Number of protein chains: 2
Amino acid sequence: MTENLKRAVTMADIARLANVSKPTVSRALSNSPLVNEKTRNHVLSVAAEQGYAVNRNAQKLRHKRTNTIAVSMDFRSHHENHISDPFMFDLLAGVSEALGDHNQDLLLCAPNHNDAAAFRQILNERGADGFIILGQGHRESMLKDFARTGAPIVVWGAAAEDANYCVVGSDNFRGGQLVGEYFLEQGRRHFLFVGDTSFREMHLRQEGLRSAIEAAPYDTLFDDIELREFSYNAAYDAAIRYLDVIESRPDAIFAWNDTAAMAFISALRDAGVDVPGDVSVVGYNDIPAAQYFSPPITTIRQDTHQAGRVLAAKLLRIVDGETPKSALIRTELIRRDS
Amino acid sequence: MTENLKRAVTMADIARLANVSKPTVSRALSNSPLVNEKTRNHVLSVAAEQGYAVNRNAQKLRHKRTNTIAVSMDFRSHHENHISDPFMFDLLAGVSEALGDHNQDLLLCAPNHNDAAAFRQILNERGADGFIILGQGHRESMLKDFARTGAPIVVWGAAAEDANYCVVGSDNFRGGQLVGEYFLEQGRRHFLFVGDTSFREMHLRQEGLRSAIEAAPYDTLFDDIELREFSYNAAYDAAIRYLDVIESRPDAIFAWNDTAAMAFISALRDAGVDVPGDVSVVGYNDIPAAQYFSPPITTIRQDTHQAGRVLAAKLLRIVDGETPKSALIRTELIRRDS
DNA sequence: GCGCCCGCTGAAACCAATTTCAAAGGGATT
DNA sequence: AATCCCTTTGAAATTGGTTTCAGCGGGCGC
């Protein structure tokens with residue numbers, strides 16, 4: 001072992017070696033104007049030569065600010081529900097990048113329990129300044145409780161009218177509209193929305209779709225399937241069951257995400273239906289597989305980089321005591337062949 | 001604001017309220033046998049009533065152990081290379097779960113620079129006990145340098161013979177063998193390996209494939225394409241170019257991952273080739289899209305949960321001063337229709 | 001009755017930084 | 001020459017825990 005793995009060199013060591021006091025070293029390292037240029041350079045060179053790095057824990061203890069943001073990602077339910085949608089991970093990547101740019105540490109958490117107390121405890125124990133919660137799900141009331149304790153949080157999702165916390169999400173209503181407009185361009189008449197509208201995001205997508213097709217210059221039909229399971233197989237089965245029951249087939253299907261869209265397309269094709277000839281199917285999220293699928297899937301893309309930046313920026317403002325408004329992220333229709 | 005968001009209540013407060021001293025509170029909370037049963041219960045009830053949570057930063061400062069593990073994930077190159085393979089994220093999920101079970105905090109890092117100094121700095125500054133590095137890539141010599149500084153690290157990848165650090169990865173050689181055996185079952189004769197064998201993992205997969213087909217009771221042909229770009233489109237283009245040039249078409253293709261397999265299948269089908277009739281194509285990783293693709297892709301699945309557990313367990317042993325051996329993760333052939 | 005040991009408790013030191021506050025040194029002003 | 005001020009510095013306090021060490025009181029053995 002060439003060098004002891006526990007950092008032996010502390011600020012006091014640097015001070016001794018540089019023939020100055022601890023506070024001077026501290027000031028030199030933090031670019032304080034209180035220290036003389038020459039002294040600073042000397043201290044910095046000694047520090048560099050010793051391979052010194054400040055102990056962030058001591059720093060965090062002393063400052064009230066920890067420069068650490070907790071990010072919760074519900075891997076468990078992700079896995080249990082067979083949500084294979086990599087979108088959440090793109091979002092995590094965006095958040096990671098944005099937090100890095102703000103020089104914040106990212107503490108990745110997968111809370112065991114979905115109650116405000118568990119979240120509160122993470123915040124206190126781990127000493128994070130705030131919490132980015134990826135995915136609101138059905139936890140709105142819990143999050144409300146959590147926010148009420150004064151916890152600085154930002155949530156990815158869709159804002160309730162009476163939310164007491166900052167929500168950032170894609171413009172789901174606009175997303176639905178874009179899909180509706182796309183369908184109308186093609187002269188589609190019988191629309192089917194597939195999703196679980198008990199999720200606010202899904203409800204908005206449905207409403208957006210509906211609002212767009214109301215503008216149709218001809219008669220239309222609107223239908224929906226409430227799909228409460230998230231797996232590909234559940235969606236496939238639902239499609240088969242649905243096709244069995246209906247009298248007139250829809251010619252335009254908007255699925256809550258790309259995986260469901262793929263499942264519906266597969267089911268339709270297996271039943272001998274031509275996609276997109278007979279039916280157009282549109283997804284959401286633009287996961288990578290969407291473009292490789294055959295046919296490549298028309299879908300709504302959300303800018304995950306922007307999302308990450310906005311989530312990080314809002315939260316840091318909240319930590320600073322401001323109360324920024326909820327925000328919507330760019331939403332874009334990606335035209336493919338489905 | 002019902003309650004001040006900065007934790008006002010400290011151990012000293014609890015001590016005062018419980019009419020004991022700070023050390024007694026500390027001992028009570030950590031279940032030390034030094035404190036009387038009755039005292040402990042009293043202290044615990046006061047703490048609970050006050051919603052007290054220890055300040056981990058202070059704890060980390062005092063203990064030498066921080067109970068924090070840094071995990072590096074190269075989102076940047078992930079994005080730049082259009083690696084859309086969600087496998088790495090499954091791996092992250094596995095690691096997150098395993099670290100949680102060991103009561104370790106997970107610090108997610110995306111290092112700016114790929115040099116040992118940058119990694120060393122993260123370890124020192126952020127005060128992590130060790131580093132899990134997801135993806136070895138071409139950084140072996142850097143990692144060697146890093147390990148030489150005494151940094152406790154575990155790397156996901158394939159171990160070099162002379163590695164001075166612990167490597168955990170799937171059994172790539174065995175994975176290649178499984179694919180080879182699968183091909184032989186079907187009587188395939190002309191094999192094509194697609195990947196970048198400058199990556200140790202890929203080389204092993206290739207060697208595994210080769211070793212399996214050497215057992216063929218008939219004449220075989222072995223070919224490979226060195227594919228240095230990772231995107232679907234690059235793979236598709238490579239396939240088209242390759243089909244243009246070759247004289248006899250392979251009837252068994254092993255692609256380095258599922259995305260490349262999908263690209264090859266698409267290219268083949270677009271060229272009028274029947275998959276799996278004329279050619280069998282096998283991927284690696286079993287990403288969700290593999291089963292939804294048409295045809296569903298035969299692939300190698302790696303147990304990401306086991307991977308996470310092993311990575312975490314090895315690293316914690318290293319932190320404790322042991323030097324565990326590198327390890328291989330279960331690898332399994334998933335038979336589908338490609 | 002004396003000494004010993006054991007169980008339990010708290011005062012003070014410690015971890016590695018930052019911040020407050022006092023003061024030294026030097027230059028400018030009167 | 002005395003005063004003032006400004007730049008630069010360091011001693012000591014502070015952050016919230018844990019650990020060391022000394023001590024107190026009671027039970028037990030002799």
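Because the structure is predicted, anything quoted here is derived from the model rather than measured. In what follows, chains carry the letters A, B, and so on, assigned in the order in which the sequence lines appear, proteins first and then strands, with residues in each chain numbered from 1.
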**Asked** Using the ring of each side chain (for Trp, its six-membered ring), is A:F199 parallel, tilted or perpendicular to A:H138, with breaks at 30° and 60°?
**Response** parallel
Next item on the list: Classify the angle between the aromatic ring planes of B:W156 and B:F87 as parallel (below 30°), tilted (30 to 60°) or perpendicular (above 60°).
Entry: tilted
Below the 4.0 Å mark, does [N] have OP1 or OP2 next to a side-chain nitrogen or oxygen of [X]?
| X | N | answer |
| --- | --- | --- |
| B:T10 | D:dT15 | no |
| B:Y52 | D:dG17 | yes |
| B:H63 | D:dT19 | yes |
| B:Q59 | D:dG16 | no |

If only atom types and distance count, is the side chain of [X] paired as donor or acceptor with the main-chain N or O of [Y] below 3.5 Å?
| X | Y | answer |
| --- | --- | --- |
| A:S30 | A:S26 | yes |
| B:K314 | B:I153 | no |
| B:D320 | B:E322 | no |

Once rounded to the nearest 0.5 Å, what's the spacing between atom [atom1] of [X] and atom [atom2] of [Y]?
| X | Y | atom1 | atom2 | answer |
| --- | --- | --- | --- | --- |
| A:E97 | A:H102 | CD | NE2 | 11.0 Å |
| B:D129 | B:K60 | CG | NZ | 8.5 Å |
| B:L107 | B:S72 | CG | OG | 11.0 Å |

Rounding to a whole Å, what distance do you find between [X]:[atom1] and [N]:[atom2]?
| X | N | atom1 | atom2 | result |
| --- | --- | --- | --- | --- |
| A:R56 | C:dT18 | CZ | P | 11 Å |
| B:N55 | D:dT18 | CG | C1' | 13 Å |
| B:L61 | D:dG16 | CG | P | 12 Å |
| A:N36 | C:dG25 | CG | C1' | 13 Å |
| A:R62 | C:dT18 | CZ | C1' | 5 Å |
| B:N57 | D:dT18 | CG | C1' | 15 Å |
| A:R126 | D:dG17 | CZ | C1' | 17 Å |

If each end axis of the helix from C:dG1-D:dC30 to C:dT30-D:dA1 is fitted on five C1' pair positions, the angle between them, to 10 degrees, is 60°
Of C:dA17, D:dG17, C:dT9, the nucleotide closest to the side chain of A:A58 is C:dA17
B:L61 meets the side chain to side chain contact (heavy atoms under 4.5 Å, CB included) criterion, sequence neighbours left out, with A:N55, A:A58, A:L61
Residues of residues 11-33 of chain B with a heavy atom under 4.0 Å from any atom of DNA chain D, listed by number, are B:M11, B:K22, B:P23, B:S26, B:R27
